[in-house]
Amino acid sequence: MKRLRKWGVLLAMTAAMTVTAACGSNAGSGTTQAGGSQPPAAASGQSQAQAPSQPASAEKKITLGFSQVGAESGWRTANTKSIQESAAAASIDLKFSDAQQKQENQIKAIRSFIQQKVDVIAFSPVVESGWDTVLKEAKDAGIPVVLTDRAVDSKDPSLYVTFLGSDFVEEGRKAGQWLVEQYKDAKDPVNIVELQGTTGSAPAIDRKAGFEEVIASNPNLKIIASQTGDFTRAKGKEVMQAFLKAHKDIDVLYAHNDDMALGAIQAIESAGLKPGVDIKIISVDAVRDGMQAASEGKINFIVECNPLLGPQLMEAVQNILDKKDIPKRIVTKEGTFTSEQAKEALPTRQY
């Protein structure tokens with residue numbers, strides 16, 4: 001009897017040990033851990049070779065690093081919105097940086113994008129020069145670069161894949177052509193003041209060059225004062241006030257963007273003059289506020305610079321990553337508006 005009781009105790013102990021060992025094994029290998037371990041194939045009822053593939057939604061998203069000039073104008077705000085909305089629509093992860101109109105901020109942003117190993121870098125350069133070093137860093141890291149809206153003056157075109165944006169020289173030419181036509185029969189000097197964009201920026205340099213190229217055909221058209229208004233409304237007003245104090249015989253204002261023109265209109269009205277009548281005004285951009293002023297006759301002629309570059313940028317990014325050939329220069333389609341044309345277009349204007 002004693003021997004039978006001993007065997008019974010031993011059997012009970014053996015059974016308890018077996019149950020304990022099974023619980024420990026299940027806890028250690030049958031549950032997915034934070035580190036990503038998976039249940040063994042036997043537990044799931046299939047071999048790893050038969051495991052289902054990851055769904056398409058789990059694939060890595062394209063990451064685009066974008067450095068914007070800033071938010072100096074209505075045009076820039078519309079441009080930023082277009083890029084952000086287009087990235088979201090294309091399911092592209094957008095890393096966005098606002099340079100606040102400082103080149104050093106853009107260089108820092110681009111280096112940050114390189115460190116983050118984004119798929120593509122795009123940016124609108126604050127100024128034309130001084131980019132070769134950081135662009136070479138991106139090239140060495142194998143990250144393609146797209147220039148948007150503004151170009152750089154690098155002698156090494158291999159540092160970027162393409163430049164997407166307007167033809168600023170042509171915009172200046174369009175502004176000049178309208179003016180030449182308006183004053184083709186003028187016998188007296190026509191005095192022009194010019195509000196330039198940010199010093200050293202591509203649109204400021206090119207819009208001035210195109211304008212001067214065309215008005216040179218009429219010796220009566222003379223630029224008597226030219227100064228940067230930094231593309232902002234406040235600075236445009238300030239500089240126009242100075243022009244009005246220094247010159248009593250201004251016939252025409254040529255502003256490199258609508259915001260500077262709108263600031264100048266405030267200065268002209270404060271001086272007791274009528275914008276669009278006493279002083280003819282030409283501007284570039286055709287944003288809503290500018291078009292509104294044109295529809296009221298305060299701006300006589302606007303050359304369009306389309307800010308809605310987002311869809312074209314996302315298409316370019318996808319084509320680059322798909323190894324498709326894309327042109328080195330992608331020009332946006334744009335028009336011009338007289339006061340009457342602005343009035344007709346304003347109700348359906350997107351920006």
Side-chain angles (χ1 to χ4, degrees), residues 73-78 166-168 170-186 188 190-197 203 207-208 210-212 214-215 217-218 220-223 229 231-233 236-237 239-241 243-244 249-308 332-351:
S73 63
W75 190 99
R76 191 64 55 189
T77 300
S166 304
D167 185 335
F168 300 132
E170 184 59 28
E171 289 173 353
R173 289 184 185 128
K174 289 176 181 176
Q177 287 161 0
W178 181 85
L179 190 62
V180 167
E181 179 62 27
Q182 293 300 303
Y183 289 94
K184 62 184 179 182
D185 298 323
D188 300 319
V190 176
N191 295 325
I192 306 162
V193 294
E194 179 181 32
L195 284 169
Q196 298 182 46
R207 286 171 185 165
K208 182 176 181 62
F211 184 75
E212 290 181 347
V214 172
I215 68 169
S217 65
N218 186 339
N220 287 320
L221 301 175
K222 299 180 182 298
I223 298 176
F231 283 129
T232 68
R233 198 171 302 197
K237 179 179 180 180
V239 176
M240 191 65 201
Q241 287 172 332
F243 284 163
L244 290 166
D249 52 354
I250 298 172
D251 299 304
V252 177
L253 164 65
Y254 170 44
H256 287 191
N257 81 336
D258 289 345
D259 277 79
M260 290 189 296
L262 293 165
I265 286 171
Q266 295 174 6
I268 292 168
E269 290 177 333
S270 295
L273 299 172
K274 193 170 182 180
V277 179
D278 297 321
I279 297 177
K280 302 289 186 185
I281 298 178
I282 308 167
S283 72
V284 182
D285 273 357
V287 296
R288 178 168 288 277
D289 286 353
M291 294 286 278
Q292 180 64 47
S295 72
E296 296 168 0
K298 295 180 179 181
I299 295 177
N300 304 88
F301 188 71
I302 299 183
V303 178
E304 183 179 33
C305 183
N306 187 356
L308 307 182
T332 52
K333 294 180 180 180
E334 297 158 342
T336 60
F337 299 89
T338 61
S339 293
E340 285 303 314
Q341 289 168 334
K343 188 181 296 184
E344 292 174 6
L346 189 59
T348 58
R349 201 70 179 155
Q350 294 184 50
Y351 54 92

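Numbers for residues simply follow the sequence, beginning at 1. Owing to the predicted nature of the structure, the values given are computational and were not obtained by experimental measurement.
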- Message: Set out, in order, the CA-CA distance, both residues' side-chain angles and the distance that settles side chain to side chain contact (heavy atoms under 4.5 Å, CB included) for Asp258 and Asp289, then state yes or no.
- Response: CA-CA 8 Å; Asp258 289 345; Asp289 286 353; over 6 Å; no
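- Within the 3.5 Å criterion, the main-chain N or O of Ala186 finds a donor-acceptor partner in the side chain of Asn220.
- In this structure, the separation between CD on Glu334 and CG on Asp285 is 9.5 Å, given to the nearest 0.5 Å.
- At distances below 3.5 Å, at least one donor-acceptor pair connects side-chain atoms of Asn300 with backbone N or O atoms of Gly276.
- Using a 4.5 Å cut-off on side-chain heavy atoms (C-beta onward), Ile268 and Ile250 make no contact.
- With rounding to the nearest 0.5 angstrom, the CD atom of Glu304 is 11.5 Å from the CD atom of Gln341.
- Using modelled atom types and a 3.5 Å distance limit, the side chains of Glu181 and Gln177 yield no donor-acceptor pair.
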- Where do Leu179 and Ile192 land on the side chain to side chain contact (heavy atoms under 4.5 Å, CB included) test, with the steps shown first? CA-CA 10 Å; Leu179 190 62; Ile192 306 162; 3.6 Å; yes
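- Taken from NZ in Lys333 to CG in Asp167, the straight-line distance is 15.0 Å, to the nearest 0.5 Å.
- Contact record, Ile282 with Val252: CD1-CG1, 4.3 Å, taken as the closest heavy-atom pair.
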- Message: The test is side chain to side chain contact (heavy atoms under 4.5 Å, CB included); show your working for Phe337 and Ile299 and say whether it passes.
- Response: CA-CA 10 Å; Phe337 299 89; Ile299 295 177; over 6 Å; no
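- Contact annotation: the side chain of Leu346 approaches that of Arg288 to within less than 4.5 Å [non-hydrogen atoms, C-beta and beyond].
- With sequence neighbours left out, the ring-ring contact (aromatic ring centres under 6.0 Å, His included) criterion links Phe301 to Trp178.
- Of all heavy-atom pairs spanning Val284 and His256, the tightest one is CB-O, 3.5 Å.
- Here the shortest heavy-atom pairing between Ile215 and Leu221 reads CB-CD1, 3.9 Å.
- For Ser339 against Gly297, the heavy-atom pair with the smallest separation is OG-CA, 3.9 Å.
- Panel note: side chain Asn218, backbone Val180; no donor-acceptor pair is recorded below 3.5 Å.
- Without hydrogens or angle criteria, Asp259 side chain to Gly74 main chain gives a donor-acceptor distance under 3.5 Å.
- Met291 approaches Ile302 most closely through the heavy-atom pair N-CD1, 4.0 Å.
- Within the 4.5 Å cutoff, side-chain heavy atoms of Gln266 are placed close to those of Arg233.
- Annotation: salt bridge (charged side-chain N to carboxylate O under 4.0 Å, His left out) contacts involving residues 267-282, sequence neighbours excluded, comprise Glu269-Lys298.
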- Report the C-alpha distance between Leu244 and Leu273 in whole Å, list the side-chain angles of each, state the deciding distance to 0.1 Å, and finish with yes or no for side chain to side chain contact (heavy atoms under 4.5 Å, CB included). CA-CA 10 Å; Leu244 290 166; Leu273 299 172; 4.1 Å; yes
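- Residues Tyr351 and Asn306 form a side-chain contact, since some pair of their non-hydrogen atoms from C-beta on lies under 4.5 Å apart.
- Classification of Glu171 and Lys174 as a salt-bridged pair fails, no side-chain N sitting under 4.0 Å from a carboxylate O.
- Here the closest non-hydrogen pair linking Ile265 and Ala293 is CD1-CB, 4.2 Å.
- With hydrogens and angles disregarded, no donor-acceptor distance shorter than 3.5 Å links the side chain of Arg207 to the backbone of Asn257.
- Ser283 contributes no side-chain N or O that, together with a main-chain N or O of Tyr254, makes up a donor-acceptor pair within less than 3.5 Å.
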